[in-house]
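Worksheet: one structure, shown below.
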Amino acid sequence: MAKFYLTTAIDYANGDPHLGHTLEKVGADCLVRYRRLRGDTTYFVMGMDEHGQKVAMAAEKAGLAPQAWVDQISGRFQSTWRALLCSPDDWIRTTEARHRASVTEFLRRIQQRNPDALFVGEYEGLYCVGCEEFKQESQLVNGRCVEHPERELARMKERNHFFRLSTYGPRILEAIASGAFKVEPEIRRNEVLKVLEGGLEDVSISRARFPWGIPFPGDSEHTVYVWFDALINYITAAGFPEAGYDRLWPADVHLIGKGITRLHCCLWPAMLLAAELPLPRQVWAHGYVQWDGAKVSKSSGTAVSVESAAARHGPDALRYFLLREVGLEADGNFTWERFDERYTADLADGLGNLASRSLAMAAKYRNGVVPAAEPDAAFERVSQERIEAYGKAMDAFDVRGGAESAWAMVTDANQFIVQTAPWALAKEGKEAELDRALGSLARCLYRLAIMSAPFIPGKARALWESLGQAGDPEGAGWTSLAEPGIAGAQTAKPANLFPRPEPAP
RNA sequence: GGCAGGGUAGCUCAGCUGGUUAGAGCACGGCACUCAUAAUGCCGGGGUCGCGGGUUCGAGUCCCGCCCCUGCUACCA
């Protein structure tokens, strides 16, 4: 049994969750549920990044102390993911004591094992007194701060702790080349390789003026730079520095957004190398959800809220849409029209209706009991092909392909129904053939309940129960797909799994 | 500007090392069926494959140029 430790990016606690965050959490949950189905021992972590200047400012704006503010935000994120049927094993927050201990120990470890990796230096940059922060060249307009164009930027120096990132490029490059550290999808790997080949620069990892952070070990005047702090969460959640963290660490996958690829593929591995800890096996950087073609982010206020999207057709439907339509590779678009089309076609008229008609026939002709008959050979053969394609796609994080393969079985089944016409068999008294047809359909629904579970866990379970099965479909395990044990089961027609939307007045 | 990826039916996308009339799903139109959530099945209309050159017996598929889109271009997460 393999171990599968998956993390998602911890979200920055300066605003509410949006659809962009949602894709990642739901995508991760889908992968984890699939691995569970495969029999892996999974460990799935989500959480919050709660330190840093922007959080402190957001708290101040809200009239709250930082801790009170992040408590509130954290609760909001957590309940949002729970409502979307995510199944994390842990919820990590960077303001927790365990994380403070982890960051402190992580830095001490570097200080002990590779003291050269850390040094005190001068950070020099353009400082905006209005914002009270350093500005990057790229942030400036006409050489001025956008927020305070009336002020002159001051060239200032600050004593900082630095991390000698520059020395780790070759080793990271080597880890990627050897496959020990995988960066996916390919487009992201190419980006990272380019950066590494171009050489890394040292980075400052402490801040002197931002009290909302973890004190820098040995220098209480400074706090740990928020990214250095945040990245460590992945190993904190594994239990570091307590004994036994290596049961989970290294992580099998860090699932992140493409915008933070560099931090996860350059800075984080370098930090781990400096601390002499194993690198994660893989970073997967997904694309973004766009709203009508425009980027969805905390800065664009026009975007759909997660609540309204989930309320539209329920949480299962939102998960399904994001996974089927956007997926984890490229960017994808969210529109109400498209969402409604997918919902109606794939869920209501597709899976929902298939379950409805199949179980109605089972009830009508066999009192709901699944006949123990040899399944239809052709239908069975196609189903095995779907299962294989599904597994192949899901293994490669291709959730779109996985959903496509699973839902192709819906079409297969509908075709099978029309071809065999069980109602005609019943009329003609062809009992053996009717048994075969109904038994084949039950097997198909059984498989669909399992294969759809990573996407629509709530509805998959409802289907599972209506098939007279106990527990949840993931628990049935991968091998039960090949040979569903459903003959003799007492089924019941479920309430509409996916009601058709009311026609607009 | 540099680097990377992409521009194929109304929409989302497949099209491997070039080869007969360019595919799928959704949407749309017609027919069939009645077990089902007026659902399903079958058939069909629909594309100058970004633009212009070139190589070739033959090019979405290779080469050159151009246009457009997206991402990255390092201490905002």
Taking the C1' atom of each, how far is B/rC62 from B/rU56, in whole Å? 10 Å
When rounded to the nearest Å, what value does the distance between C1' atoms of B/rU20 and B/rU34 take? 42 Å
Indicate, with a heavy-atom threshold strictly under 4.0 Å, whether A/Asn414 touches base, sugar-phosphate, or nothing. sugar-phosphate
Roughly how far apart, to the nearest Å, are B/rG6 and B/rC35 at atom C1'? 46 Å
Have a look at A/Val226 and say if it touches a base, only the backbone sugar-phosphate, or nothing, with a 4.0 Å heavy-atom cut-off. sugar-phosphate
Counting any heavy atom closer than 4.0 Å, what does A/Gly169 reach on the DNA or RNA strands: base, sugar-phosphate only, or nothing? nothing
Across all chains, not counting sequence neighbours, the ring-ring contact (aromatic ring centres under 6.0 Å, His included) partners of A/Trp212 are A/His51
Dot-bracket for RNA chain B: what is it, with Watson-Crick or G-U pairs under 3.5 Å, [ ] where a pair crosses earlier ones, and | for a pair to another strand? (((((((..((((.....[...)))).(((((.......))))).....(((((..]....))))))))))))....
Base, sugar-phosphate, or nothing for A/Gly332, non-hydrogen atoms under 4.0 angstrom? nothing
Which part of the nucleic acid, if any, lies within contact of A/Glu341, taking any heavy atom under 4.0 Å across all strands shown: a base, the sugar-phosphate backbone alone, or nothing? sugar-phosphate
If you measure from the P atom in B/rU55 to the same atom in B/rU8, how many Å do you get, rounded? 27 Å
Tell me which residues in residues 346-371 of chain A lie within less than 4.0 Å of RNA chain B, going by non-hydrogen atoms. A/Ala348, A/Asp349, A/Gly352, A/Asn353, A/Ser356, A/Arg357, A/Ala360, A/Met361, A/Lys364, A/Tyr365
Could you give the distance separating B/rU40 and B/rG50 at their P atoms, to the nearest angstrom? 33 Å
Counting any heavy atom closer than 4.0 Å, what does A/Arg207 reach on the DNA or RNA strands: base, sugar-phosphate only, or nothing? base
